[in-house]
Amino acid sequence: MGFDLGLTGRRALVTGGTRGTGAAVAALLAEQGARVMATARKASALAAPGVAFVAADVTTAEGAALVADEVAARFGGLDILVNVVGGSASPPGGFAALTDTHWERELGQNLMAAVRLDRHFLPGMVARKSGVIVHVTSIQRQMPLPGSTTAYAAAKAALSTYSKSLSREVGPEGVRVVRVSPGWIETDAALALADRLGDEAGTGRDGGREIIMRSLGGIPLGRPAKPAEVADLIGFLCSPRAGAITGSEHVIDGGTVPVA
Ligand SMILES: NC(=O)c1ccc[n+]([C@@H]2O[C@H](COP(=O)([O-])OP(=O)(O)OC[C@H]3O[C@@H](n4cnc5c(N)ncnc54)[C@H](OP(=O)(O)O)[C@@H]3O)[C@@H](O)[C@H]2O)c1
């Protein structure tokens, strides 16, 4: 007998739902019978079948409002919000290389996008006494890499603490708030980086993967997670099967974080 996640007919929004982890989450939720809308700045030819799309920059207040309006118009409300958008575009060079603009961009992308979208959708979830919000953090919130990702790691730490506080506030209202903290995920962008590093070192993709894993202090399982594996975890957390889980952060990193 299959393991039914009980997601049929649930209305879900996945930010960053056209590539990498977000695309895998959107595809999984749609496959499980949910009504899914993905958002990103550009539409993707690879969007999963049955997934609706709205183009917006969710790091802006206007973009978040546009997405909220589109969800209201097409779905009338939301049962599941998966905040996947995040990332870092800061230069290497440690603290001195980070200007106010870099800090604002990292906080905008990794913290404020989720804060604003949650604020749009929480009143409806609270009124219905039902809903799930997922925040995708990163192991870097516990294990920052100071050479290149201080601002990203700090923004993810802020997202994590915000998520915990929100879970305590809205848990009694029937809304669950959980975090998923990935280590290295082998997205297409990650594979392109492995190829580039491998070409530079003359070792090919496998050598490039080793370089990335070494920069993380090694991955005990010896490989990154696949986007579909992160999606499986998120799909379970969104499902009624995880009805007793809230306020927790779920690490999926092949054992990278070296402490308990
Ligand atoms: N990849 C990893 O190894 C890793 C590790 C730990 C944590 N994470 C976290 O996992 C999440 C997903 O990462 P990923 O690597 O799977 O992502 P990704 O492959 O880089 O995809 C990013 C997605 O977000 C969209 N996006 C980016 N900026 C946006 C914006 N301003 N407004 C709307 N959409 C935007 C992109 O589409 P457009 O460009 O068209 O907007 C795309 O759909 C992020 O929060 C990241 O911090 C990733």
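Numbering of ligands and ligand atoms starts at 1, following listing order. Positions are given from 1, in the same order as the sequence printed here.
Each of the following atoms of ligand 1 lies closer than 4.0 Å to a heavy atom of Gly20: 16 (O), 19 (O). Heavy-atom contacts of Ala56 reach the following atoms of ligand 1: 32 (N), 33 (C) (cutoff under 4.0 Å). Remark: ligand 1 atoms within the under-4.0 Å shell around heavy atoms of Pro182 are 6 (C), 7 (C). The contact set between ligand 1 and Thr187, taken as ligand atoms under 4.0 Å from a residue heavy atom, comprises 15 (O), 16 (O). The distance from ligand 1 to the heavy atoms of Trp184 drops below 4.0 Å at these ligand atoms: 3 (O). Short contacts between ligand 1 and Val84, defined as distances under 4.0 Å to a heavy atom of the residue, involve ligand atoms 11 (C), 12 (C), 44 (C), 45 (O). Near Thr59, meaning under 4.0 Å from any of its heavy atoms, are these atoms of ligand 1: 31 (N). Heavy-atom proximity to Val58, at under 4.0 Å, picks out these atoms of ligand 1: 32 (N), 33 (C).
Between the side chain of Arg141 and the backbone N or O of Leu159 there is no donor-acceptor pair closer than 3.5 Å. For the pair Thr203 (side chain) and Asp199 (backbone), a donor-acceptor distance under 3.5 Å is absent.
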Distance-only donor-acceptor pairs under 3.5 Å for side chains of residues 24-41, two or more places apart:
residue, atom, partner, partner atom, Å
Arg35, NH2, Arg74, O, 3.4
Thr39, OG1, Val54, O, 2.9

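What sits closest to atom 10 (O) of ligand 1 on the protein, heavy atoms only, is Val136 CG1, 3.4 Å. The single protein non-hydrogen atom nearest to atom 31 (N) of ligand 1 is Asp57 OD1, 2.8 Å, given as residue, atom name and distance. Nearest non-hydrogen protein atom to atom 13 (O) of ligand 1 is Thr21 OG1, 4.1 Å. For atom 40 (O) of ligand 1, the closest non-hydrogen atom of the protein is Lys42 N, 3.0 Å. Closest protein heavy atom to atom 29 (C) of ligand 1: Arg41 NE, 3.5 Å. Nearest protein heavy-atom neighbour of atom 43 (O) of ligand 1: Thr18 OG1, 2.7 Å. For atom 46 (C) of ligand 1, the nearest protein heavy atom (residue, atom name, distance) is Tyr152 OH, 3.7 Å. Among all non-hydrogen protein atoms, the one lying nearest atom 24 (O) of ligand 1 is Gly16 CA, 3.2 Å.
In terms of polar-atom proximity, defined here as any N/O pair under 3.5 Å, Arg19 does make such a contact with ligand 1.
Of all heavy-atom pairs between Glu169 and Glu173, the closest is O-CG, 4.2 Å. Of all non-hydrogen atoms in His102 and Pro91, the two that sit nearest each other are NE2-CD, 3.4 Å.
Side-chain polar atoms of Thr149 and Gln140 form a donor-acceptor pair below 3.5 angstrom.
The nearest non-hydrogen atom to atom 1 (N) of ligand 1, considering only Val85, Val180, Ile185, comes from Ile185. Atom 7 (C) of ligand 1 has its nearest heavy-atom neighbour, among Thr137, Leu193, Val14, in Thr137.
Contact of the Thr246 side chain with the Val170 side chain is not registered, since no non-hydrogen atoms from C-beta on lie closer than 4.5 Å. Between Leu237 and Ile245 the shortest side-chain heavy-atom distance falls below 4.5 Å. Side-chain contact between Val175 and Val132 is absent, with no heavy atoms from C-beta onward closer than 4.5 Å. Within the 4.5 Å cutoff, side-chain heavy atoms of Thr150 are placed close to those of Leu98. Looking only at side-chain heavy atoms (C-beta outward), Arg179 and His250 stay at 4.5 Å or farther from each other. Side-chain contact check for Ser90 versus Glu106: some heavy-atom pair is nearer than 4.5 Å.
Residue Ala189 does not touch ligand 1, judged by heavy-atom distances below 4.0 Å.
Between Thr60 and ligand 1 there is no heavy-atom distance shorter than 4.0 Å. Gly183 counts as a contact of ligand 1, since one of its heavy atoms falls under 4.0 Å from the ligand. Not a single heavy atom of Gly22 sits closer than 4.0 Å to an atom of ligand 1. Using 4.0 Å as the threshold, Lys156 has a heavy atom nearer than that to some atom of ligand 1.
Here the rule is side chain to side chain contact (heavy atoms under 4.5 Å, CB included) with Phe121, and of Ile80, Val71, Asp79 only Val71 fits it.
Annotation for Ile139: hydrophobic cluster partners, listed by chain and number, are Met143, Val251, Val257, Val259 (ILVMFWY side-chain heavy atoms under 4.5 Å, direct or chained).
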